[in-house]
Amino acid sequence: MNEASCHCGGVHVRVPAAPDTVTDCNCSICRRLGALWAYYPTADVVIEPADGTETYVWGDRSLAFHRCKTCGCTTHWQGLGAHADRVGVNARLFEPEVWSGLPTRRFDGAAAPIGG
Ligand SMILES: [Zn+2]
């Protein structure tokens, strides 16, 4: 329940506890990715293997979006700079029963571009 994986199984994301809410953000990238974000402190998240992803960074360079090098699934974002203590795990990579019934926060990232 505390582990998510991409489609090909090449990248696993382990967290200390399943999320209790997820966030649906409408910013320019999140609406395209279709991800639901579960936020964690960076220290609590293990990505294996660490080199299994490639990243996309743009704009004010506050976040790096990671995707599996093999299957392309968006696995998580890692905060950069002042936001380095935060990770957003793509909750859709957990089994559906983990996230499908959770309260979904609608975040207006189009107006305020950092996930909150
Ligand atoms: Zn993959």
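Note that the coordinates shown come from a computational prediction; the quantities given were computed from them, not determined experimentally.
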Over all atoms of both residues, closest heavy-atom pair of C73 and C6: CB-CB, 3.9 Å
Pair W37 and Y39, ring centroids less than 6.0 Å apart: no
side-chain contact (heavy atoms from CB on, under 4.5 Å) evaluation trace for Y56 with I29: CA-CA 10 Å; Y56 176 61; I29 185 164; 3.6 Å; yes
Co-members of the apolar cluster containing L80 [side chain, <4.5 Å]: V57
Listed partners of H7 passing side-chain hydrogen bond (donor to acceptor under 3.5 Å, both in side chains), at least two apart: none
CG on L36 to SG on C25, rounded to 0.5 Å: 11.0 Å
Atom of Y40, atom of A17 and distance for their closest heavy-atom approach: OH-O, 2.7 Å
In a table with atom names and distances, give each donor-acceptor pair under 3.5 Å that connects a side chain of residues 48-55 to protein atoms at least two apart or in another chain.
unit_1	atom_1	unit_2	atom_2	d
E48	OE1	R14	NH1	3.2
E48	OE2	R14	NH2	3.4
T53	OG1	H66	ND1	2.8
E54	OE2	R67	NE	3.1

For T75 against C68, the heavy-atom pair lying closest together: CG2-N, 4.3 Å
Exercise: identify the closest heavy-atom pair between W99 and A91: CD1-O, 2.8 Å
Heavy-atom pair with the smallest gap, counting every atom of A18 and N2: N-OD1, 3.1 Å
Sidechain-backbone polar pair: N90 side chain, H76 backbone, donor-acceptor under 3.5 Å: no
Set of side-chain hydrogen bond (donor to acceptor under 3.5 Å, both in side chains) partners for D24, sequence neighbours left out: R106
Qualifying salt bridge (Lys or Arg N to Asp or Glu O under 4.0 Å) pairs with a residue from residues 25-43, counting only residues at least two apart or across chains: none
Distance (rounded to the nearest 0.5 Å) between L63 CG and W77 CH2: 5.5 Å
Min side-chain heavy-atom separation L102-P19 under 4.5 Å: yes
Results of side-chain contact (heavy atoms from CB on, under 4.5 Å) for P41 - residues two or more places apart only: D44
Listed partners of T21 passing side-chain contact (heavy atoms from CB on, under 4.5 Å), at least two apart: P103, R105
Residues forming a side-chain contact (heavy atoms from CB on, under 4.5 Å) with A4, sequence neighbours excluded: V13, L93, F94
